[in-house]
Number of protein chains: 2
Amino acid sequence: MTQVRPMRADARRNYERLLKVAAEAFAEHGEGASLDDIAKRAGVGSGTLYRHFPTRQALLEAAYVDRIEALAVRADELGAELPPGEALVEWLNELCVGTIQVRGMKALLGSAVTDGSAAAVTACGTNMKEAAARLVEAAQREGTLRADIEPIDVLRLAHGVATASELAKGDRSAIRRYVSLLTEGLRPAR
Amino acid sequence: MTQVRPMRADARRNYERLLKVAAEAFAEHGEGASLDDIAKRAGVGSGTLYRHFPTRQALLEAAYVDRIEALAVRADELGAELPPGEALVEWLNELCVGTIQVRGMKALLGSAVTDGSAAAVTACGTNMKEAAARLVEAAQREGTLRADIEPIDVLRLAHGVATASELAKGDRSAIRRYVSLLTEGLRPAR
DNA sequence: CACTAAGCGGGGACTGTCTCCGTTTAGTGT
DNA sequence: ACACTAAACGGAGACAGTCCCCGCTTAGTG
């Protein structure tokens, strides 16, 4: 086993400050926020930032792990409370809405879901995929979800809906319509 | 009337070289291709590029006008050949596929469809929106399209589908499934 | 309290965007 | 042919961002 010696106190301090500042920065400027600027605002050198988080993706993910994790948990809650079809619909709703409300999270969801070679196979992304898989499979067994849809498709489509909704900045109702369209489309052919 | 004096010969030459090179560059490196590099490859200074095309958007659009225009024309062709519902479905199919095949066109479609204040109200984007509107309205009159969908929604959703498909680089069949899901979702509630 | 490796941080190389302005040249009138 | 001028050129350079390297600092240990 990899003997993980605990982080030095200063390292831990910086790590946490960076996360806090990063979350603010992403919220304020979107996923493109300047990394050097985040480092500066956290009062550390850029070297420190890049050592802790080698890529923008890594930082983005670290800043939002809790939300992703919460979403994965939520999937199982809904799965326990509702019939599979409804659980999936409701979860997709929360997923899309959440993704849009938190600037920067859309980018994260997107990258977690590519199958490009260098895809960041992030731990929490995996959680999410597994949670989605459980909902999808249950709904398919029940017959309320098209059979030709894979779990990963659902996540990609959620990303697509979030993207479409973003284009409709001015129209607050768009997201509701787009999510409903997605869930309608997911039902088996008549 | 704005008396448009014809471009000077050298200006026209450069304009055309730039377009040609830009199309290649976008195809090769995606929408993010370096503009200075395009200028260099076209054998002109960057000043010349920026004078002809003040923004990346402008260049992108100029490089793809013909395709956008063709798509608008195609909408009317389909509208004349097929019953409205089918025409819309078929057009969406061609739109999504075309958008994905041509790197950089997705970005263009996206920007043509935002209603943010500074939206580039591009001439050819308008053509496209009008073409879409004709198909959408016909299909709604016929009753084969949900009544709560606006023409612009259809374009945004196409952009969303293209985005989702892009995430599935490895999976050639994804796009078909996603488009079919979109068209299913667009049908009126049962 | 001294030692050492973990950690820091900012200077600097590099890439890209976009503007400014001195220089060049196409088109025109003579 | 030639001179003139407005149009167009082009590249230097200011600026912003990313990311690495390596000499310096400091937390944790015996």
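Here is how names work: the chains are called A, B, and so on, in the same order as the sequence lines, proteins then strands, and each is numbered from 1. Computed from a prediction, not measured in an experiment: that's the story for all the values here.
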Participant: Going by heavy atoms in the side chains, are Q57(A) and L108(A) under 4.5 Å from each other?
Facilitator: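 SC-SC contact between Q57(A) and L108(A) confirmed.
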
Participant: Could you state the CD1-C1' distance from I38(A) to dG10(C), rounded to the nearest angstrom?
Facilitator: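 The distance from CD1 of I38(A) to C1' of dG10(C) comes to 18 Å, rounded to the nearest Å.
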
Participant: Rounded to the nearest 0.5 Å, how far apart are CE of M7(B) and OH of Y15(B)?
Facilitator: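 Separation between the atoms: 6.0 Å.
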
Participant: Verify whether one side chain among S173(A) and D171(A) offers a donor that lies under 3.5 Å from an acceptor in the other.
Facilitator: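 There is such a pair (donor and acceptor under 3.5 Å, judged by atom type) between the side chains of S173(A) and D171(A).
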
Participant: Under 4.0 Å between a side-chain N or O of N14(A) and OP1 or OP2 of dG7(C)?
Facilitator: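 It does not, given that no N or O in the side chain of N14(A) lies less than 4.0 Å from OP1 or OP2 of dG7(C).
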
Participant: Expressed as a whole number of angstroms, how long is the span from L49(A):CG to dC8(C):P?
Facilitator: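 To the nearest whole Å, that distance equals 11 Å.
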
Participant: CE of M7(A) versus P of dG7(C): gap in Å, rounded?
Facilitator: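 Computing the M7(A):CE to dG7(C):P distance gives 7 Å.
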
Participant: Go through it in stages, so that I can follow the logic: the residues are E28(A) and R41(A), the test is salt bridge (charged side-chain N to carboxylate O under 4.0 Å, His left out), and I'd like the CA-CA distance, side-chain angles, deciding distance and then a yes or no.
Facilitator: CA-CA 13 Å; E28(A) 189 172 346; R41(A) 281 212 255 167; 3.8 Å; yes

Participant: Check F26(A) against R103(A) and note the closest heavy-atom contact, atom names and distance.
Facilitator: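 What the structure gives for the nearest pair is O-CB, 3.7 Å.
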
Participant: Got a donor-acceptor pair under 3.5 Å from the side chain of R8(A) to the base of dA6(C)?
Facilitator: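 A donor-acceptor contact between them is present.
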
Participant: Using whole Å, what does the distance between atom C1' of nucleotide dC8(C) and atom NZ of K40(A) come to?
Facilitator: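 Value for this atom pair: 16 Å.
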
Participant: If you measure from CZ on R134(B) to CG on L88(B), what distance do you get to the nearest 0.5 Å?
Facilitator: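 Atom-to-atom, R134(B):CZ and L88(B):CG are 13.5 Å apart.
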
Participant: Identify all pairs in which a protein N or O lies below 3.5 Å from an N or O of nucleotides 15-18 of chain C, and state each distance.
Facilitator:
residue: dT17(C); atom: OP1; partner: R56(B); partner atom: NH2; Å: 2.3
residue: dT17(C); atom: OP2; partner: S34(B); partner atom: OG; Å: 3.4
residue: dT17(C); atom: OP2; partner: L35(B); partner atom: N; Å: 2.9
residue: dC18(C); atom: N4; partner: D36(B); partner atom: OD2; Å: 3.1

Participant: Which residue lies toward the 5' end of DNA chain C, G47(A) or A9(B), if each is placed at its nearest nucleotide?
Facilitator: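 Checking each residue's closest nucleotide, the 5'-ward one belongs to G47(A).
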
Participant: Once you round it to whole Å, what is the distance between P of dC19(D) and CG of L59(A)?
Facilitator: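 Rounding to the nearest Å, CG of L59(A) and P of dC19(D) are 12 Å apart.
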
Participant: Return the nearest nucleotide to the side chain of T48(A); candidates are dG9(C), dA5(C), dG27(C).
Facilitator: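 Comparing dG9(C), dA5(C), dG27(C) against the side chain of T48(A), the answer is dG9(C).
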
Participant: Has H52(B) got a side-chain N or O lying under 4.0 Å from the OP1 or OP2 atom of dC9(D)?
Facilitator: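 Answer is yes, contact under 4.0 Å.
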
Participant: Got a donor-acceptor pair under 3.5 Å from the side chain of R51(B) to the base of dA8(D)?
Facilitator: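 By the distance-only test, no, there is no pair.
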
Participant: Calculate the interatomic distance between D10(B) atom CG and dA8(D) atom C1'; express it in whole Å.
Facilitator: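 Answer to the nearest Å: 6 Å.
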
Participant: Identify the heavy atoms of L59(B) and A22(B) that sit nearest to each other, and give their distance.
Facilitator: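 Here L59(B) and A22(B) meet closest at CD1-CB, 3.8 Å.
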
Participant: Rounding to a whole Å, what distance do you find between R17(B):CZ and dG10(D):P?
Facilitator: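 These atoms are roughly 11 Å apart.
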
Participant: To the nearest angstrom, how far is R12(A) atom CZ from dA6(C) atom P?
Facilitator: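 The answer, rounded to whole Å, is 18 Å.
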
Participant: For the helix from dC1(C)-dG30(D) to dT30(C)-dA1(D), what angle lies between the axis at the first five pairs and the axis at the last five pairs, to 10 degrees?
Facilitator: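 Computed angle between terminal axes is 0°.
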
Participant: Does the pair D153(A)/R156(A) count as a salt bridge with the N-to-O cut at 4.0 Å?
Facilitator: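 Between R156(A) and D153(A) there is a salt bridge, with a charged N closer than 4.0 Å to a carboxylate O.
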
Participant: About how many Å separate OH of Y50(B) and CG of D36(B), when rounded to the nearest 0.5 Å?
Facilitator: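 Result: 5.0 Å between the selected atoms.
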
